[in-house]
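In this text the structure is predicted, and so the values were computed from the model without any measurement. These numbers come from the heavy atoms of this one structure, side chains and all, not from hydrogens, waters or symmetry mates. Naming convention: chains lettered A, B, ... in sequence-line order (proteins, then strands); numbering from 1 in each chain.
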Amino acid sequence: MLFFLLKRLAGLVATLAAATLVVFLVLEVLPGDPAQVMLGTEARPEQVAALRHELGLDRPAPQRYVAWIGGMLRGDLGRSYTYQVPVAELVGERLLVTVPLALLAMALTTALALGLGVYAAAHQGQAGDLGVMGLTQLGIAVPNFWFAFLLILLFAVHLGWFPSGGFPGWGAGIGAALKALLLPALALAVVQAAILARITRSAVLDILGEDFIRTARAKGNSRARALWRHALRNALVPVVTIMGLQFASLLAGTIIVENVFTLPGLGRLVFQAITQHDLIVIQDVVVLLAGLVILINFAVDLLYLAIDPRLRRR
Amino acid sequence: MALLEVEALGVVIDSPRGPLEILRDVGFALESGRILGIVGESGSGKTMTALALMGLLPPGARAQGSVRLGGRELLRLDEHALCRLRGDRVAMIFQEPMSALNPLQPVGAQIAEPLRLHRKMPAAKAAAEARRLLARVHLPDPDRLAAAFPHQLSGGQRQRVMIAMALACGPDLLVADEPTTALDVTVQAQILDLLVELVEETGMSLILVSHDLAAVAETADEVLVLYGGTVVEHAPVAAMLRHRAHPYTQGLFAARPATGLFRAIPGSVPDLAALPPGCRFADRCPLAIAACGDGPPPLGLVGPGHRAACIRLEAAAATAEAS
């Protein structure tokens, strides 16, 4: 088990290193001089040269890569050109919006998907099952930005229960902050929950056909109890796998949803950085997002171990 | 009154082509402390009979007739009452002990579960009882084993765990569906010995479902031979060993490798979707005549407690005599 963990940990570091290299190389081979891109076509050559020097672009690429990685390891992410503040500072406040948003969305996804999926599996072929399947079909078909607008219309404009956008900051109290995050999280969660509910349903149905469920019934477990006590945990392995993948697309989804709800998060930062050609911010945030996804995958591996004792001996 | 009385038990499955009678008119009685072997090829209805007794038929299948346990009609019980009965008064063990155990739970917890369910035993007490049950099925080092997961045990150990689980509440009836089929030959004998020992110790009744005639002959008190979902012969083991009345049973014994000469029964088990109206064995039977197709042959008395469903019993007796 220790070996398994060490192996996964080594894989985690290697993947992260590879991600930084890819991000660096992509921006390297991209046509156009970053300094020129940042300053626009109207800039004078000496301005461009000055910025090149300021950004360290006049140094050889390997040296710049090492400097970038070294800086990141020390917590120095460089300076944003457009905001004129350290990227670490910029990203730090954004993370406090995006990470809670993604976690809240994932929690909603899990709750909705497990509830609906297990319910549908338990009522296979009946009206409830068909209803859930139809609902999830709809959930998968609807793009999350459109769902975001629907949510704003209903809960913010008509009912006025939630703010239509913006973020008061955690200083305004946990309640107010969560209230601002709930609609965006729901918009993010709907598509993922629809997918995950279907996965959950079929995983549970697979397990319900297993011999040990018949054993559980032969021991006197009711259908429902056999499902909760014996089927659910066995069905979790495929469900957790998908959840890990979904977290990645959730983070990507924040770019759109944060813009719809005008939340000062990482996604909005990336979007702004891209429109303003702030390459240093893009570089750092992309690596940060990749790091988050890799961390989630590691957490998924740990969950496997917690769920299935058969994996622990490897 | 016998512990278990089964009368005219049938199982019907709904299919797109209408209801299929996959089990028809099965009847027997079983006293406490006795062992009944149910023998037949795959598809003969042995497992369906076992599942019907447990009220665990697959979706779409329904049982007809009567199954009385201690005088109580099981086929009319609702699901809630059946749940209270299963694992308490009637228990079942299955063919494949690997897949029949929950891979994610320690075996001790799985053995303790019926006690927690039916006896409302506190966790610690049920765990201690589980360890005692592990010792009772002759598993070494119960304390260590109780914490083990199924994948850490051998096939024989897993089947012993299944038996310990079935024994937990001291059932009146244990239904064992091919309990040794998936095991090594040496382990098979040990498991059968254990089952016989437990029947003698506890006085419970055992239904041993098997395609292994030798195993049944050594273990059971009486034998029920099924073919195509019907009873073809029912006899005390000793009588059956002396004389096989039904042509199918004769074929089954001749097909045993142990007899030295291996003679397969020609043809295969009937298609459940196209069951003949008469004797279901007729198309494979060397003695079949036109009248065999007219209707289901009645179970006729051959000797004390020995019945066979065949209208050609005399011809069958003659061929048995000759061979």
Side-chain angles (χ1 to χ4, degrees), chain A residues 1 4 114 118 120-130 200-241 302-314, chain B residues 47 50-51 53-60 78-106 109-119 147-152 158 161-162 165-166 168-169 171 174-177 182:
Chain A
M1 175 143 125
F4 177 87
L114 287 189
V118 170
H123 299 85
Q124 190 197 4
Q126 298 169 22
D129 180 24
L130 296 178
T200 304
R201 174 184 180 271
S202 71
V204 170
L205 282 179
D206 271 354
I207 298 294
L208 284 179
E210 292 280 341
D211 285 353
F212 64 82
I213 296 299
R214 193 176 53 182
T215 306
R217 300 273 287 132
K219 281 199 270 187
N221 283 290
S222 67
R223 209 176 291 274
R225 200 183 135 99
L227 196 154
W228 284 109
R229 301 271 307 190
H230 292 276
L232 200 56
R233 192 163 154 203
N234 276 280
L236 275 186
V237 167
V239 171
V240 164
T241 305
L302 292 185
L303 270 179
Y304 285 156
L305 288 184
I307 293 169
D308 194 338
R310 285 169 296 185
L311 298 171
R312 287 177 213 159
R313 62 180 165 167
R314 289 196 200 140
Chain B
T47 298
L51 292 176
L53 297 180
M54 296 294 295
L56 284 177
L57 287 172
D78 62 12
E79 181 55 29
H80 183 66
L82 276 173
C83 279
R84 275 190 312 205
L85 208 69
R86 283 193 289 251
D88 187 6
R89 300 295 85 217
V90 275
M92 185 163 182
I93 58 178
F94 299 96
Q95 177 172 350
E96 186 46 75
M98 177 75 233
S99 56
L101 290 168
N102 185 337
L104 306 187
Q105 271 185 11
Q110 300 192 49
I111 296 171
E113 191 181 10
L115 294 165
R116 309 261 294 138
L117 264 175
H118 299 293
R119 300 279 177 274
F149 290 96
H151 71 268
Q152 295 165 322
R158 284 181 209 135
V161 166
M162 283 297 292
M165 200 154 81
C169 292
L174 175 62
V175 180
D177 185 11

Walk me through it: do B:Glu113 and A:His230 pass the test side-chain hydrogen bond (donor to acceptor under 3.5 Å, both in side chains)?
-> CA-CA 11 Å; B:Glu113 191 181 10; A:His230 292 276; 2.8 Å; yes
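- By the neighbour-count criterion of 12 heavy atoms within 6.0 Å, atom CZ of A:Arg225 is densely surrounded, having more than that number from other residues, nucleotides or ligands.
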Kindly indicate, with the supporting measurements, whether the criterion side-chain contact (heavy atoms from CB on, under 4.5 Å) is fulfilled by A:Thr215 and B:Gln110.
-> CA-CA 10 Å; A:Thr215 306; B:Gln110 300 192 49; 6.0 Å; no
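- With B:Ser99 contributing its side chain and A:Asp211 its backbone, the two residues share no donor-acceptor pair below 3.5 Å.
- Taking non-hydrogen atoms and a 4.5 Å limit, the residue list of residues 217-224 of chain A in contact with chain B, ordered by number, reads A:Arg217, A:Ala218, A:Lys219, A:Gly220, A:Asn221, A:Ser222.
- The heavy-atom pair separating A:Asn234 from B:Pro103 by the smallest distance is OD1-CG, 3.3 Å.
- For A:Ile213, no part lies under 4.5 angstrom from a heavy atom of chain B.
- Rounded to the nearest 0.5 Å, atoms CG (B:Leu101) and CZ (A:Phe212) are 10.0 Å apart.
- Under the 4.5 Å side-chain criterion, counting only non-hydrogen atoms from C-beta, A:Arg310 is not in contact with B:Phe149.
- With a 4.5 Å cut-off on non-hydrogen atoms, B:Val175 does not touch chain A at all.
- Using a 4.5 Å cut-off between heavy atoms, B:Gln105 contacts chain A through its side chain alone, with no backbone atom that close.
- Looking at B:Met162, only its side chain comes within 4.5 Å of chain A, counting heavy atoms on both sides.
- Partners of B:Leu57 under the side chain to side chain contact (heavy atoms under 4.5 Å, CB included) rule, at least two apart in sequence or in another chain, are B:Val11, B:Met48, B:Leu51, B:Ala52, B:Ala61, B:Ala63.
- Contact between A:Asp308 and B:Leu104 at its shortest, heavy atoms only, is OD1-CD2, 3.4 Å.
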